[in-house]
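Heads up, the thing below is written out as structure tokens.
Chain letters run A, B, ... following the sequence lines, proteins first and then strands; every chain starts at 1. In this text the structure is predicted, and so the values were computed from the model without any measurement.
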Protein chains: 2
Amino acid sequence: MLRGALAALLSIEHDIEVLGSFADGEQAFQAVGKRRPEILVADIEMPKMSGLELTARVRELYPETRVLILTTFARPGYLRRALEAGASGYLLKDRPSEELADAVRRVSRGERVVDPQLASQIWSAEKDPLTDRERVILRRAGDGETTAELARSLRLSEGTVRNYLSEAISKLHASNRIEAARIARNKGWL
Amino acid sequence: MLRGALAALLSIEHDIEVLGSFADGEQAFQAVGKRRPEILVADIEMPKMSGLELTARVRELYPETRVLILTTFARPGYLRRALEAGASGYLLKDRPSEELADAVRRVSRGERVVDPQLASQIWSAEKDPLTDRERVILRRAGDGETTAELARSLRLSEGTVRNYLSEAISKLHASNRIEAARIARNKGWL
DNA sequence: GTATCACCATGACAACTGTCATGCGATCGA
DNA sequence: TCGATCGCATGACAGTTGTCATGGTGATAC
């Protein structure tokens, strides 16, 4: 429904024509090959082929098509990878709806459109402080697995599991495993 | 942006007029009081006031306005609570975009519009076994609040708080507060 | 008017959780 | 090749969490 609604939003503009809309990255890629649009508007997290891979493949095979990423995720890591893949724009879904048509026009003129707040964050973004072990254990603990279950399935002592959690809790300035998991998830680290 | 796009989608239809669109439940409630629309389309999880509370208050004060819930969550618990609050329809965002205008028209005719798959689940769905106290405490504990914090802010002894959690854990067949909160959230009980 | 039920409330106790001191091996720059 | 650093691993200990037995209150049913 949301995809259909966004298509409707763009169709209203007289200088924009919507050639089609597709449920996953693979279908979109096929369609770009057939229709050769000026602009492709794509999400990042999609079934079958991610928006990042889609961008890279479209830019390589059909360089006349410019790609505008439209996504919910305000993650500097995604922005960086999108630009590296050759995207011309990165717009967040929580911006007012007027900005979409505007961004499409600017990308069509050859401009690069990047959410300003995100662009500034890309330099100052905190890096994930968790080690692999800590991340895995925190994720599973955050889903309700007990210390004992974790210790058994990872072949660690319970003390060790608790210690990783303790580390994670302190790195994230949380007061227990629950809060730590919530914080890490919010930052996109789990 | 998605709200704007959905508004655009409805505006295209000649027999539907969009009177406004609002960022949270409180603003929507104010606007309903002023504009008295035939139909209010609302999400459930919104800032400031949930769609369920919004529905109940709108139905009570302005019964001529019918409410259509439009949400991502295919949870029988939400559906049941929406209908109890007086909603005339419950539509999922992953349906094709054509269904929205259709649902609005049917609600306006006085029909009740409910996603069929979800409607069948509602009968087999378990009822929320939690008491009010249990629900509030489980929700906050699931966000990482400690027993001590809860006891202080609710003026209960720590033992009492732990007891509510213990009750909730056992009712939900969970093994700790984290899992209990996750289960309850999934069922739409928090 | 009293039996029953659901909800609210508490403390004692055992079990679990978070912290800290400690140690091991791998890697890396000096 | 040495010392420093990092990630992984452990157990002891204090503090927190979950369970259980118990009792209070008000609403409804008989």
Salt-bridge test for A:Lys171 and A:Glu134: reply yes if a basic N is under 4.0 Å from a carboxylate O, no otherwise. yes
I'd like to know if A:Lys93 and A:Asp43 make a salt bridge, using a cut-off of under 4.0 Å between side-chain N and carboxylate O. yes
Between the protein and nucleotides 20-24 of chain D, which nitrogen or oxygen pairs come in under 3.5 angstrom?
residue	atom	partner	partner atom	Å
D:dC20	N4	B:Asn163	OD1	2.6

For [X] and [N], what is the distance between atoms [atom1] and [atom2] respectively, to the nearest whole Å?
{"X": "A:Leu165", "N": "C:dC16", "atom1": "CG", "atom2": "C1'", "result": "12 Å"}
{"X": "B:Glu167", "N": "D:dT19", "atom1": "CD", "atom2": "P", "result": "9 Å"}
{"X": "A:Leu150", "N": "C:dG18", "atom1": "CG", "atom2": "P", "result": "11 Å"}
{"X": "B:Glu134", "N": "D:dT19", "atom1": "CD", "atom2": "P", "result": "13 Å"}
{"X": "A:Tyr164", "N": "D:dT10", "atom1": "OH", "atom2": "P", "result": "8 Å"}
{"X": "B:Arg177", "N": "D:dT16", "atom1": "CZ", "atom2": "C1'", "result": "8 Å"}
{"X": "B:Lys171", "N": "D:dT19", "atom1": "NZ", "atom2": "P", "result": "13 Å"}
{"X": "B:Leu172", "N": "D:dG18", "atom1": "CG", "atom2": "C1'", "result": "14 Å"}

Polar contact flag, side-chain donor to acceptor under 3.5 angstrom, A:Arg162-A:Ser157: no
Cut-off 3.5 Å, side chains only: do A:Thr160 and A:Arg133 have a donor facing an acceptor? no
According to a strict under-4.0 Å criterion, is [X] in side-chain N/O contact with OP1 or OP2 of [N]?
{"X": "B:Arg133", "N": "C:dA9", "answer": "yes"}
{"X": "A:Thr147", "N": "C:dC16", "answer": "no"}
{"X": "A:Ser170", "N": "C:dG18", "answer": "no"}
{"X": "B:Arg162", "N": "D:dT16", "answer": "no"}
{"X": "A:Ser157", "N": "D:dT10", "answer": "yes"}

What does the list of N/O pairs under 3.5 Å between the protein and nucleotides 23-27 of chain C look like, with a distance for each?
none

Scan residues 81-92 of chain B for pairs that pass side chain to side chain donor-acceptor pair (under 3.5 Å), counting only residues two or more places apart or in two chains. none
Determine whether B:Arg135 and B:Asp132 satisfy the following criterion, salt bridge (Lys or Arg N to Asp or Glu O under 4.0 Å), listing intermediate values before the conclusion. CA-CA 5 Å; B:Arg135 192 165 24 250; B:Asp132 287 350; 2.7 Å; yes
Does A:Arg109 CZ have over 12 foreign heavy atoms under 6.0 Å away? yes
Set of residues satisfying ring-ring contact (aromatic ring centres under 6.0 Å, His included) with respect to A:Tyr62, sequence neighbours excluded: none
State which residues pass ring-ring contact (aromatic ring centres under 6.0 Å, His included) with A:Phe29; sequence neighbours excluded, sorted by chain then number. none
What are the residues of residues 136-146 of chain A, sorted by number, that bring a heavy atom to within less than 4.0 Å of DNA chain C? none
So, B:Arg177 side chain and B:Ala141 main chain: donor-acceptor pair closer than 3.5 Å or not? no
Residues which pass side-chain hydrogen bond (donor to acceptor under 3.5 Å, both in side chains) with B:Asp102, listed by chain and number, not counting sequence neighbours: none
Five pairs at each end of the helix from C:dG1-D:dC30 to C:dA30-D:dT1: take the axis at both ends and give me the angle between them to 10°. 30°
Checking all strands, does B:Thr160 fall into the base, sugar-phosphate, or nothing category for heavy-atom contacts under 4.0 angstrom? base
If a pair satisfies salt bridge (Lys or Arg N to Asp or Glu O under 4.0 Å) and one of its residues is in residues 29-40 of chain B, list it, with sequence neighbours excluded. B:Arg36-B:Glu64
By side chain to side chain contact (heavy atoms under 4.5 Å, CB included), B:Ala103 pairs with (sequence neighbours left out) B:Leu68, B:Leu91, B:Val113
Holding to side chain to side chain contact (heavy atoms under 4.5 Å, CB included), I want the full list of residues that pass it with B:Ser175, two or more places apart in sequence or in another chain. A:Thr146, B:Glu179
Just compare D:dG18, C:dG18, C:dA9 and give me whichever is closest to any side-chain atom of A:Asn176. C:dG18
A:Glu167: what forms a salt bridge (Lys or Arg N to Asp or Glu O under 4.0 Å) with it, not counting sequence neighbours? none
